[in-house]
Amino acid sequence: MSSTYLSNDVFKLVVDNTPLISLDLVVRNASGQILLGERVNRPAQGYWFVPGGRIRKNETIADAFMRLTLDELGVALPISSARYLGLFEHFYSDSVFGNTPSTHYVVNAFEISIDSNLTDLPNQQHSGYLWWGESQLLDSKKVHVHSKWYFLKDNGIECSKGSA
């Protein structure tokens with residue numbers, strides 16, 4: 001598994017010229033509620049969003065899943081504990097660098113169930129976390145459309161057209 005980070009200049013070049021591959025985690029508690037975090041970084045800054053992150057070069061999807069569940073939830077989970085929801089494309093007009101370049105993610109979404117309330121969650125990507133009911137998050141203008149796609153009947157590539 002790779003732990004090497006790119007310099008900002010190199011990463012900006014990558015974001016400007018290629019899609020990023022990532023995993024999103026739809027986390028359900030025992031009551032069926034969904035964990036969302038309020039994003040502190042671009043893209044999707046200020047919106048409530050499911051946890052997740054990029055897959056690194058030379059990192060398998062299974063290793064990325066284990067790393068991201070540890071980094072985002074504080075508990076390392078195997079990919080075998082998840083249900084695959086599908087492949088999605090997320091287009092953003094901005095990026096971690098500001099208004100330019102735009103960002104394109106190819107996202108593999110997974111659903112996991114957690115019995116714990118997940119206290120002491122990290123704050124690098126999210127300023128706070130809340131458990132949301134499915135209809136509540138679908139009705140909220142504060143929840144990003146890309147996170148809502150995971151709960152719509154026609155999900156996957158068919159839902160991913162358009163940009164945010």
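What you see is a predicted model; the values in this text were computed from it and never measured.
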About how many Å separate [atom2] of [Y] and [atom1] of [X], when rounded to the nearest 0.5 Å?
{"X": "W48", "Y": "S140", "atom1": "CH2", "atom2": "OG", "value": "9.5 Å"}
{"X": "K57", "Y": "I21", "atom1": "NZ", "atom2": "CD1", "value": "12.0 Å"}
{"X": "W132", "Y": "L137", "atom1": "CH2", "atom2": "CG", "value": "7.0 Å"}
{"X": "F97", "Y": "S102", "atom1": "CZ", "atom2": "OG", "value": "12.5 Å"}
{"X": "S7", "Y": "L13", "atom1": "OG", "atom2": "CG", "value": "9.5 Å"}
{"X": "N29", "Y": "W131", "atom1": "CG", "atom2": "CH2", "value": "4.5 Å"}

| message | Suppose we screen for side chain to side chain donor-acceptor pair (under 3.5 Å). Which residues come up paired with R54, at least two apart in sequence or across chains? | response | none
| task | Kindly write out the residues that satisfy side chain to side chain donor-acceptor pair (under 3.5 Å) with N41, not counting sequence neighbours, or none if the list is empty. | result | Q125
| P101 and K12: which non-hydrogen atoms are nearest, and at how many Å? | CD-CE, 3.7 Å
| task | Please identify each residue that fulfils salt bridge (Lys or Arg N to Asp or Glu O under 4.0 Å) with E111, with sequence neighbours left out. | result | R28, R83
Between [X] and [Y], does the ring centroid distance fall short of 6.0 Å?
{"X": "F91", "Y": "H146", "answer": "no"}
{"X": "Y150", "Y": "F88", "answer": "yes"}
{"X": "W149", "Y": "H90", "answer": "yes"}

| task | Would you please test Y47 and V143 for side chain to side chain contact (heavy atoms under 4.5 Å, CB included) and show each step? | result | CA-CA 6 Å; Y47 283 97; V143 175; over 6 Å; no
Do [X] and [Y] have side chains that approach each other closer than 4.5 Å (heavy atoms only, starting at C-beta)?
{"X": "D94", "Y": "Q45", "answer": "no"}
{"X": "I112", "Y": "L77", "answer": "yes"}
{"X": "I34", "Y": "V27", "answer": "no"}
{"X": "D24", "Y": "F110", "answer": "no"}
{"X": "R67", "Y": "E59", "answer": "yes"}
{"X": "V107", "Y": "L87", "answer": "no"}
{"X": "H144", "Y": "R39", "answer": "no"}
{"X": "L25", "Y": "F65", "answer": "yes"}

| task | Start with the C-alpha gap between L68 and L73, add the side-chain angles, then the distance that decides, and say whether side chain to side chain contact (heavy atoms under 4.5 Å, CB included) holds. | result | CA-CA 8 Å; L68 288 168; L73 306 175; over 6 Å; no
| task | Evaluate side chain to side chain contact (heavy atoms under 4.5 Å, CB included) for L35 paired with V50, printing each intermediate quantity in order. | result | CA-CA 7 Å; L35 181 69; V50 297; over 6 Å; no
| request: Give a yes or no on this: more than 12 heavy atoms of other residues, nucleotides or ligands lie within 6.0 Å of atom CG of D115. | output: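 Atom CG in D115 is not crowded, with 12 or fewer foreign heavy atoms closer than 6.0 Å.
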| task | Dump the intermediate steps for side chain to side chain contact (heavy atoms under 4.5 Å, CB included) on V75 and L70, then the final yes or no. | result | CA-CA 4 Å; V75 57; L70 180 61; 5.8 Å; no
| query | Same cluster or not: are L6 and V96 linked, directly or through other Ile, Leu, Val, Met, Phe, Trp or Tyr residues, by side-chain heavy atoms under 4.5 angstrom apart? | reply |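 Linked, L6 and V96 end up in one cluster.
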| query | Quick one: do L121 and M66 end up in the same hydrophobic cluster if we chain Ile, Leu, Val, Met, Phe, Trp and Tyr together by side-chain heavy atoms under 4.5 Å apart? | reply | no
